[in-house]
Amino acid sequence: VSNDSEAKAIRAVISRRRVTRSYENDPVRDEELLQLAETVYWAPSGGGRRPVRVVIVREREQMHRVIAFSPGIIGMPPALLVLCVDWSRAPHLRPDDPRDTHATHVDVGAATSQILMLAEAMGLGACPVMSFHRASVRTVLSVPRDWTPLVLVTVGYRAGSPPPTRTRSTPDGVMYWERVGEGLNARNLK
Ligand SMILES: Cc1cc2nc3c(=O)[nH]c(=O)nc-3n(C[C@H](O)[C@H](O)[C@H](O)COP(=O)(O)O)c2cc1C
């Protein structure tokens, strides 16, 4: 079923989303955090494995503990979603083999993207963070040994005015028709 207004709304959310690194102190409601976390369940995953797990952090003391090991988090977000790979969902994959981690990293990336889009549509700011010490965050959050915490997503109400929407209307060298070399431009649109 095609729905022009839905497609338009999704394109608008995708194109205006920017990361938020400065938040108001207002808490995010648990229900909203759960809605964000739940998007992970709907995300595509390699082989339909659904290996992504989410730990929600919103208590201040626990937030301080995570932040202590996360140089990539700027300031004090009201909440965090920690996306982990549960390797028990993929017993034939090995967490130490790059060929296997690539697939699960794409799974986490797809899940992250869904969280960012819904947050934007809900009027919340968010920022994915990979600069953190995995072993320490694992300990702080009691993450089981066979999970790997991979991405933190900070969440909250943006302080200050939103950053300008980036202009990405004609990204030279990003898109091609059929093969690299035939650059996309207005002239070769069918
Ligand atoms: C895989 C990944 C890791 C990132 N890690 C961090 C991080 O550790 N700290 C941070 O402040 N932003 C981080 N970011 C956010 C990027 O810096 C941001 O998306 C980029 O500068 C583009 O800005 P925009 O999302 O507002 O368009 C990360 C983004 C991605 C996709």
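Keep in mind that the numbers below use all heavy atoms, side chains included, and drop hydrogens, waters and symmetry copies. In listed order, ligands and their atoms are each counted from 1. As the structure is a prediction and not an experimental result, all values here were calculated from the model.
Listed by number with element, the atoms of ligand 1 under 4.0 Å from a non-hydrogen atom of Cys127 are 10 (C), 11 (O), 12 (N). Counting atoms of ligand 1 from 1 in the listed order, those under 4.0 Å from a heavy atom of Arg21 are 10 (C), 11 (O), 12 (N), 15 (C), 16 (C), 17 (O). When each atom of ligand 1 is checked for a heavy atom of Arg17 under 4.0 Å away, the hits are 24 (P), 25 (O), 27 (O). Less than 4.0 angstrom separates some heavy atom of Arg18 from each of these atoms of ligand 1: 24 (P), 26 (O), 27 (O).
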Salt bridge (Lys or Arg N to Asp or Glu O under 4.0 Å) evaluation trace for Asp97 with Arg99: CA-CA 5 Å; Asp97 185 334; Arg99 286 169 301 184; 2.9 Å; yes
Evaluation steps, side chain to side chain donor-acceptor pair (under 3.5 Å), between Arg158 and Thr20: CA-CA 6 Å; Arg158 176 183 288 125; Thr20 298; 3.0 Å; yes
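Remark: Arg138 pairs with no residue by the salt bridge (charged side-chain N to carboxylate O under 4.0 Å, His left out) rule, at least two apart or across chains.
Ligand 1 has no nitrogen or oxygen under 3.5 angstrom from a nitrogen or oxygen of Val129.
The closest non-hydrogen atom to atom 6 (C) of ligand 1, taken over Pro128, Ser131, Gly72, comes from Pro128.
The two residues Leu83 and Ala111 come nearest to each other via the heavy atoms CD2-CB, 4.0 Å.
Taken from CG in Leu93 to CH2 in Trp87, the straight-line distance is 6.0 Å, to the nearest 0.5 Å.
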